[in-house]
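See structure below.
We name chains A, B, ... by the order of the sequence lines, and we start the count at 1 in each one. As the structure is a computational prediction, the values presented were derived from the model and not from experiment.
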2 protein chains.
Amino acid sequence: MSLSTNFQPLYKQVYDVLVERLVKGYWKPSEPLPSEFALADELGVSQGTVRKAINQLVAEQLLRRRQGKGTFVSEHTQESSLFRFFRYRQPGANNAIPETSILSVKRRMSTQVESQGLGLKKATEVVEMIRLRKIDNIPAIFETVLQPLTIFPDLDKEAELPNSLYTLYQEKYGISIVEVRDELHAVMADAEVAKHLNLEPNTPVLMTERASINIDGRIVEWSQAYCQSQDFVYANKLK
Amino acid sequence: MSLSTNFQPLYKQVYDVLVERLVKGYWKPSEPLPSEFALADELGVSQGTVRKAINQLVAEQLLRRRQGKGTFVSEHTQESSLFRFFRYRQPGANNAIPETSILSVKRRMSTQVESQGLGLKKATEVVEMIRLRKIDNIPAIFETVLQPLTIFPDLDKEAELPNSLYTLYQEKYGISIVEVRDELHAVMADAEVAKHLNLEPNTPVLMTERASINIDGRIVEWSQAYCQSQDFVYANKLK
DNA sequence: CAGTGGTCTAGACCACGCC
DNA sequence: GCGTGGTCTAGACCACTGA
């Protein structure tokens with residue numbers, strides 16, 4: 001493989017090759033990559049250069065390394081992806097893991113707002129999932145998730161929908177979520193939200209709009225979630 | 001300098017030495033550090049090891065490097081610290097910079113909630129600043145900021161309070177904020193908040209409690225901010 | 001034990017900023 | 001031209017894993 005045609009640093013070219021292979025599913029989640037020396041030989045660079053590219057992918061959590069064992073493609077396990085992107089918890093608490101129940105799944109066309117949230121100019125056919133998530137057995141989040149059928153064909157026919165959808169995305173559709181973008185609003189709970197969250201009408205709730213980004217940079221999911229704000233907060237560390 | 005007494009990797013020991021010097025103000029913001037080779041000589045390690053430690057500090061934004069010039073201690077300029085930690089903006093917008101006006105400054109003892117927010121077991125004497133921040137000339141955020149006087153002696157006697165306090169903290173008090181922890185709530189605007197944000201009473205607003213962390217790991221500031229949610233959102237990217 | 005990643009070194013050359 | 005950081009290499013040794 002020739003790497004010398006353009007003027008990016010070698011390690012960046014190696015990085016790009018690795019990302020491309022990950023995107024294309026050349027190595028599957030939880031599989032090991034070849035060793036640093038093997039990759040270095042194949043690509044015609046030194047082991048240190050491969051290491052630098054791999055380290056960046058580890059920092060971005062696309063790969064994991066274990067000394068003595070090897071370098072592995074990250075899996076989105078239930079717990080890791082919940083911990084990583086789930087921000088709601090009791091005030092001061094460290095972490096929370098929600099239980100999720102699906103209220104409905106159907107196909108429909110996206111509205112204009114939703115299309116825009118998905119980064120599209122035109123309406124597209126989507127799967128709409130409505131879910132209720134509980135934290136410590138308290139109804140916490142009432143959520144509508146949209147997935148374009150072009151990206152997730154026949155997602156609505158899945159027999160089992162897991163607590164964290166990202167696991168399913170990765171295993172069945174080759175989609176690895178590497179980033180989410182949230183916008184938070186404070187709104188009044190409407191009758192439906194209040195009912196599901198067990199609130200008085202006209203209680204303020206947190207509303208999060210979230211776009212989820214695949215490893216290849218596309219928005220592949222858009223959701224709108226209402227979280228009751230009596231018992232829960234959206235916690236965020238900025239560095 | 002001997003680095004061989006404990007069992008941490010060399011680069012980590014170098015990192016710790018550098019952090020300690022930064023905490024103690026051995027090098028001031030915007031000053032250059034010695035070159036990699038000079039540091040390597042002084043500490044008795046190779047240049048590559050120093051580089052690894054410095055790279056980590058660059059990733060944490062405590063240092064900045066410029067090829068051909070040197071390595072510099074980050075300054076919290078007005079703009080950079082506003083961009084870095086200011087999360088409120090119009091939906092879909094990329095960035096916003098607020099204008100800030102100070103409504104009041106006084107000394108008092110912290111309440112129990114505030115002491116806890118500051119990570120303290122007992123009440124302490126604090127400066128309380130109340131500020132109103134506008135975005136695009138719209139009153140957006142009504143905010144109460146608390147600083148312990150033990151950390152910021154005579155802060156209430158400052159003649160000029162800048163738009164971003166972090167600049168002042170760094171220049172006058174040797175405090176460098178490296179992390180903030182936010183908890184977001186949705187609450188009803190009370191009469192005072194509604195008045196300042198130009199809202200009808202009983203409008204839902206976003207309330208953010210923020211603890212700000214110094215380079216040495218201490219919480220040095222705690223604030224509570226009410227942001228109107230008609231025009232603005234709290235935007236957050238998670239990776 | 002062999003194979004993996006983790007650390008550390010020494011030295012080469014390049015790209016940039018400045019005098 | 002000189003000094004800085006940026007990249008790349010080659011090789012040594014250590015620490016962990018599993019057969």
Side-chain angles (χ1 to χ4, degrees), chain A residues 1-19 21-22 27-75, chain B residues 1-19 21-22 27-75:
Chain A
M1 169 147 334
S2 168
L3 288 173
S4 53
T5 42
N6 47 24
F7 292 101
Q8 297 230 294
L10 268 185
Y11 72 86
K12 171 65 171 139
Q13 298 177 49
V14 173
Y15 172 91
D16 289 340
V17 169
L18 296 180
V19 167
R21 292 189 181 177
L22 289 168
W27 303 300
K28 300 281 184 252
S30 87
E31 277 183 17
L33 267 62
S35 75
E36 295 179 348
F37 281 105
L39 282 169
D41 278 354
E42 180 198 344
L43 301 174
V45 300
S46 79
Q47 176 249 7
T49 302
V50 170
R51 170 177 291 269
K52 189 161 180 179
I54 290 181
N55 278 343
Q56 192 170 335
L57 288 161
V58 170
E60 293 165 2
Q61 306 193 52
L62 293 171
L63 299 177
R64 283 178 314 116
R65 339 184 64 163
R66 273 185 288 168
Q67 186 174 110
K69 297 196 70 175
T71 302
F72 300 83
V73 183
S74 298
E75 332 95 74
Chain B
M1 167 145 341
S2 167
L3 289 173
S4 53
T5 43
N6 47 26
F7 292 102
Q8 298 230 293
L10 268 185
Y11 72 86
K12 171 65 171 141
Q13 297 177 49
V14 172
Y15 172 90
D16 289 340
V17 168
L18 296 180
V19 168
R21 292 189 182 177
L22 289 168
W27 303 300
K28 301 281 185 250
S30 86
E31 279 183 15
L33 267 63
S35 75
E36 295 179 348
F37 281 105
L39 282 169
D41 277 356
E42 181 199 344
L43 301 174
V45 299
S46 78
Q47 176 249 8
T49 302
V50 170
R51 170 178 291 268
K52 189 161 181 179
I54 290 182
N55 277 342
Q56 192 170 335
L57 288 162
V58 171
E60 293 165 2
Q61 308 195 51
L62 293 170
L63 299 177
R64 283 178 313 116
R65 338 185 66 162
R66 272 185 288 166
Q67 186 172 110
K69 297 196 70 174
T71 303
F72 300 83
V73 183
S74 299
E75 330 94 77

| Contact pattern, 5' to 3', of nucleotides 14-19 of chain D - B, S or - by protein heavy atom under 4.0 Å | -BBSS-
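- Within the structure, a side-chain polar atom (N or O) of B:Lys52 is placed less than 4.0 Å from OP1 or OP2 of C:dT7.
- In this entry the distance linking CG of B:Asp41 with P of D:dT4 reads 11 Å, nearest Å.
- B:Asn55 places its CG atom 7 Å from the P atom of D:dG6, with the value rounded to the nearest Å.
- Under the side chain to side chain contact (heavy atoms under 4.5 Å, CB included) rule, B:Arg51 has a single partner from B:Asn55, B:Thr49, B:Ile54, which is B:Asn55.
- As a whole-Å value, the separation of A:Lys12 NZ from D:dC8 P is 12 Å.
- A:Arg64 has its CZ atom 17 Å from the C1' atom of C:dG6, to the nearest Å.
- Per the geometry, CD belonging to A:Glu36 stands 13 Å off P belonging to D:dT9, to the nearest Å.
- An OP1 or OP2 oxygen of D:dC8 is reached within less than 4.0 angstrom by no side-chain nitrogen or oxygen of A:Tyr11.
- Atom C1' of nucleotide D:dT7 and atom CD of A:Gln56 are separated by 14 Å, given to the nearest angstrom.
- Among the heavy atoms of the strands, none lies under 4.0 Å from B:Phe37.
- In this structure, A:Gln8 atom CD and D:dC8 atom C1' are separated by 16 Å, rounded to whole Å.
- In this model, the phosphate group of C:dT9 is approached by a side-chain N or O of B:Thr49 to a distance below 4.0 Å at OP1 or OP2.
- Of the two residues near DNA chain D, A:Pro9 and A:Gln47, the one whose nearest nucleotide lies more 5' is A:Pro9.
- Per the geometry, CG belonging to A:Leu39 stands 11 Å off P belonging to C:dT4, to the nearest Å.
- Remark: A:Thr71 is not in phosphate contact with C:dT4, judged by side-chain N or O atoms under 4.0 Å from OP1 or OP2.
- Under the 3.5 Å distance criterion, the side-chain polar atoms of A:Ser74 are matched with a main-chain donor or acceptor of A:Gln61.
- Between the side chain of B:Arg51 and the base of D:dG5 there is no donor-acceptor pair of N/O atoms closer than 3.5 Å.
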